[in-house]
Structures are given as structure tokens and as C-alpha cells.
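Presented below is the structure to which this report refers.
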There are 2 protein chains.
Amino acid sequence: MQKKQRQTIRAKSFEKILAAAQDEFVLQGYKGATVQSIADKAKLPKANVLYYFKNKENIYHAVLEQTLNMWDEGIGDITPEDGPKLAIEKFVRAKVTMSFKNPKASKIYAMEIIQGAQHLKDFARTYQRQWVREKAKIFQCWIDNGEMQCVDPVNLIFLIWSSTQHYADFDNQILTIMNRADYEEGDIEHVTHFLTDFILRGCGLK
Amino acid sequence: MQKKQRQTIRAKSFEKILAAAQDEFVLQGYKGATVQSIADKAKLPKANVLYYFKNKENIYHAVLEQTLNMWDEGIGDITPEDGPKLAIEKFVRAKVTMSFKNPKASKIYAMEIIQGAQHLKDFARTYQRQWVREKAKIFQCWIDNGEMQCVDPVNLIFLIWSSTQHYADFDNQILTIMNRADYEEGDIEHVTHFLTDFILRGCGLK
DNA sequence: ATAAAACTTGACCTTATGGTAAGTTTATTT
DNA sequence: AAATAAACTTACCATAAGGTCAAGTTTTAT
């Protein structure tokens with residue numbers, strides 16, 4: 001009956017290590033994060049961490065994968081049926097919410113890209129290309145149908161990505177500028193409103 | 001007469017080291033970049049690099065300072081006299097041009113912020129807060145005068161920053177998605193046009 | 001109860017890296 | 001030409017970090 005005990009411990013250890021690793025990788029970068037510092041943060045001996053993950057690179061890969069999955073799930077979707085207004089509203093809200101609720105995931109991903117995506121597998125890149133192509137096509141349809149202003153769909157996607165992720169990646173800068181210590185509940189709503197409003201107007205939808 | 005020779009060598013060495021260091025810091029992060037790798041890239045012996053800079057942290061500080069100066073100079077300005085339309089056009093163009101011409105500077109800065117601005121001096125942060133306050137006030141005047149749509153000025157600044165810097169920080173991702181190896185001359189113009197167009201419309205100025 | 005598997009851990013090894021010390025060469029000044 | 005200062009270089013050291021090992025302990029299966 002108690003075969004569960006092992007599984008739970010195993011799962012919990014993985015979880016603790018991944019959480020600690022995400023923290024450290026964001027704070028110190030790939031090379032700067034040490035197995036020891038990850039172990040300390042996870043409250044496990046170093047050798048134990050290396051029992052669960054063969055080496056540091058494997059830890060990093062696991063963190064990256066976790067991050068990509070989150071990106072995939074949380075990103076909502078852009079479907080032709082919704083029409084441009086609703087689709088943009090949904091998408092912006094999803095991205096802003098993700099940025100505020102899980103800034104670390106966004107940061108890991110951002111650092112990886114900035115540094116040249118050295119650890120990112122090819123499939124992940126191809127996948128994104130596909131995604132953008134597909135969504136751009138939907139926007140183009142709407143434009144051709146006169147449902148929205150004629151704007152370059154690919155650059156529009158970039159603008160939405162960048163302006164939403166900014167609140168995660170640059171949270172430190174934003175908080176410093178606003179002279180605050182932390183984000184508050186209302187911020188998500190405020191930023192979502194600002195961005196949807198602004199972007200819809202940019203698309204000629206207001 | 002030939003006292004110049006030393007000065008030139010000195011200047012050139014500094015330049016080579018800083019360029020190499022910027023490269024390495026972007027590619028490998030602070031901890032990942034080694035004095036040796038910087039020296040190799042600068043084609044100098046390691047000890048010679050450490051003759052010009054006491055230690056790695058000093059190299060990094062120099063790179064960071066260089067980056068901040070560039071940000072300061074290249075950022076153009078937002079002045080009340082220009083009015084919202086011209087001011088935004090100028091500012092967006094300046095930022096986009098910087099992003100395309102000097103992506104590494106933007107990346108160094110982005111990485112520093114993402115990682116919590118651990119090396120950034122307080123004065124740099126306070127300075128930015130001041131800058132944003134000041135410019136936000138100008139936008140607010142324009143709004144109050146009915147010269148532009150009522151949008152939150154601070155978030156507008158964030159949107160302009162993020163959407164323009166994106167082309168520097170995420171150049172790898174963008175190029176992958178567009179299935180290209182490098183940016184081309186026309187890209188600056190195209191992106192500038194897209195962004196000014198979109199943002200002006202977002203501000204109710206089109 | 002016993003064996004086997006899964007898990008935990010301290011001690012250890014090797015390598016890479018930041019940095020130093022001390023000497024040598026090269027350019028500038030007098 | 002000699003003296004001085006700047007620039008360069010070699011050899012070296014201490015430390016920290018990734019990773020292994022082998023000896024334990026605990027849980028599960030028989």
C-alpha cells in the first residue's frame with residue numbers, strides 16, 4: 001500500500017529542485033547558478049540533487065522544458081471564429097496574466113533567447129515559426145475582410161509579445177520607476193486594460 | 001612628439017577589451033564570461049587584460065557604463081515643443097535605430113535588469129525614474145490639451161521601450177521566425193514605419 | 001524475515017578560473 | 001645615452017565548482 005511514499009518524495013524532490021533551480025538560473029544565469037546554491041535553496045545536499053539530475057545541464061533543460069510547457073498552455077489561442085477584437089482581448093489578457101503570475105518563467109526564456117538560444121532545441125524554434133505563420137495568416141484574413149486595419153501581422157505579434165512580457169522581464173525596472181516594492185492585485189487589470197485598449201486602437205478596432 | 005603612441009595603444013587596448021567583453025558577457029552572462037575568453041577574443045594575453053582592468057567586475061562595470069552612456073545619447077528626446085506626433089515619431093525612430101545598430105548594448109542592459117540589476121548603481125535607477133516622470137508629465141500635458149488620446153503616459157513609455165527594444169534583445173528569435181540569417185538595411189525603415197504608425201494610431205494621432 | 005531496490009550523504013578528485021608577483025621588453029623623457 | 005615609466009608576459013597559487021564513489025539508510029517486494 002505504501003508504494004506511494006517513494007513516489008511522493010520523488011515528486012516533491014523534483015519540484016523543490018526545479019523551483020530552486022529556476023530561481024537561481026534567473027538570478028545568476030546558467031554558469032553563475034551552482035549546483036550547491038540550487039541544493040541549498042532546495043534544502044537538499046548537493047549529492048542528492050545530482051542523484052535526481054545527472055548534471056547541471058540536465059537541471060537547466062528540465063527548467064527550460066517546464067517553462068516552454070507553461071508558455072504553451074497559458075498562451076491562450078487566436079482562432080478565426082473569435083474575430084480580431086475578441087481574439088486580441090483574450091490573447092493580451094492571457095499574456096499579461098502570465099507575465100504577472102509567473103515572471104520567472106518569462107525571464108528564463110528571455111535570457112535564453114538573448115544569449116542566442118544556445119540550449120534551446122531546434123524543434124522549439126521551428127514550432128514557434130509555425131505558430132507565428134499560422135496566426136499571422138488569421139490576422140491577414142481579417143485584414144483582407146476589412147475586419148481590421150491593415151497592419152503587418154508578424155510585427156503585430158511581436159508588439160503584443162514584447163509589450164506584455166515586458167512586465168515580467170523588466171519587473172525590477174518597472175517597480176523602481178513606479179517607486180514600489182511589489183506588484184499589486186489591481187495592476188494586472190490596469191495593464192490589461194491599457195494594453196488591450198491601446199492595441200485595439202492601433203488595429204483600428206475602437 | 002611620439003608620446004601619442006602609448007596613448008593610442010592604450011586606447012586601442014581598452015577598446016578591444018571592451019568590445020570583446022561586451023560580446024562575451026552577452027553570450028555567456030557575467031559569470032560565464034571568463035577573463036581568458038575575453039582576452040582570447042581581444043587577442044591579448046589574459047594578464048594584459050588584467051593590467052588594464054583590475055578584475056572582471058571592473059571590466060563588466062566599464063561595459064555597463066558604456067552601455068548606459070549610449071542609451072543616454074541615442075535616446076533622442078521628448079520635448080513639449082515638438083508636440084505628440086513629432087515627438088513620438090522621433091523617439092520611436094531613435095529607439096528602433098539603436099536597437100538595430102547596437103543590439104548588444106540593449107542586451108547587456110536587458111540581462112542586467114532581468115537578473116535584478118545587481119550591478120547597477122542606485123544613481124542609474126533614480127535617474128531613470130526621473131526621466132520617466134518628466135516625460136510622463138509632458139504626455140499628460142498633451143492629453144490635457146486634447147492633443148492626444150487619454151492613455152496612461154507611464155505605460156505608454158513602457159510600451160514604446162519594450163516594442164522597440166524587442167528587435168535588439170530578441171533578434172535571434174525574430175530572425176528564426178522570419179527564417180532569415182541577418183537583419184537587412186530595409187528592416188529598420190519597415191519596423192520604424194510599422195511602430196510609429198501603430199503607436200500613433202494607439203494614441204489617437206492618425 | 002530477508003532480499004532487493006530506491007534513496008541519501010559525506011568525502012573526495014579534477015579542472016577551470018580569478019587573480020598575483022616578479023621579471024622583461026618597449027617607448028618616452030631628460 | 002641613460003633613466004624612467006608604461007606596457008607586456010610568464011609562471012604560479014588558491015579557491016570554487018562540477019561531478020564521482022562508495023558506504024550508508026529507508027522503503028518496498030517476496
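Every chain is numbered from 1, with letters handed out A, B, ... down the list of sequences.
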* Would you mind classifying the nucleic acid contact of B/A33 as base, sugar-phosphate or nothing, using non-hydrogen atoms under 4.0 angstrom? => sugar-phosphate
* Asked: Any donor-acceptor pair under 3.5 Å linking the side chain of A/N172 with the backbone of B/I113?
  -> yes
* Structure fact -> Among the nucleotides C/dT8, C/dG19, D/dG19, whichever has the atom closest to the side chain of A/K56 is D/dG19
* **B/I160 and B/L156, any side-chain heavy atoms less than 4.5 Å apart** => yes
* To do: Find the distance B/D40:CG to C/dA16:P and express it as a whole number of Å.
  => 14 Å
* To do: Take B/I9 and B/K31, find for each the nucleotide of DNA chain D with the closest heavy atom, and name the residue whose nucleotide sits nearer the 5' end.
  => B/I9
* B/Y52 OH - D/dT9 C1' separation (whole Å) -> 13 Å
* Which whole-number value in Å describes the distance from A/Q7 CD to C/dC7 P? -> 9 Å
* **Short side-chain N/O contact to C/dT26 OP1/OP2 from B/R6, under 4.0 Å** => no
* Rounding to a whole Å, what distance do you find between B/R10:CZ and D/dA5:C1'? -> 12 Å
* Asked: Could you give the OH-to-P distance, from A/Y60 to D/dG18, as a whole number of Å?
  -> 15 Å
* Spacing between A/I59 atom CD1 and D/dA17 atom C1', to the nearest angstrom -> 13 Å
* Centre of A/Y51's six-membered ring, under 6.0 Å away, within 45 degrees of the axis: is that where NZ or CZ of A/K46 sits? -> no
* Answer whether the closest heavy-atom distance between the side chains of A/V191 and A/L195 falls below 4.5 Å. => yes
* What about B/F170 and A/F158, are their ring centers closer than 6.0 Å? -> no
* To do: May I have the distance from A/K16 (atom NZ) to C/dC7 (atom P), rounded to whole angstrom?
  => 14 Å
* Can the positive tip of B/K31 be found less than 6.0 Å from the middle of the six-membered ring of B/F25, inside 45° of the ring normal? -> no
* Given C/dT28, is OP1 or OP2 found less than 4.0 Å from the side-chain N or O atoms of B/Q5? -> yes
* To do: Tell me which nucleotide among D/dG18, D/dC8, C/dT17 gets nearest to the side chain of A/T34.
  => D/dG18
* Have a look at A/L44 and say if it touches a base, only the backbone sugar-phosphate, or nothing, with a 4.0 Å heavy-atom cut-off. => nothing
* Nearest whole angstrom, please: distance from the P of D/dT15 to the CD of A/Q36. => 17 Å
* OP1 or OP2 of C/dT8 under 4.0 Å from side-chain N/O of A/Y51 -> no
Anything under 3.5 Å between a protein N or O and an N or O of nucleotides 20-24 of chain C, put it in a table, one pair a line.
none

* What's the verdict on side chain to side chain contact (heavy atoms under 4.5 Å, CB included) for A/Q128 and B/T176, showing C-alpha distance, side-chain angles and the deciding distance? -> CA-CA 9 Å; A/Q128 263 195 346; B/T176 300; over 6 Å; no
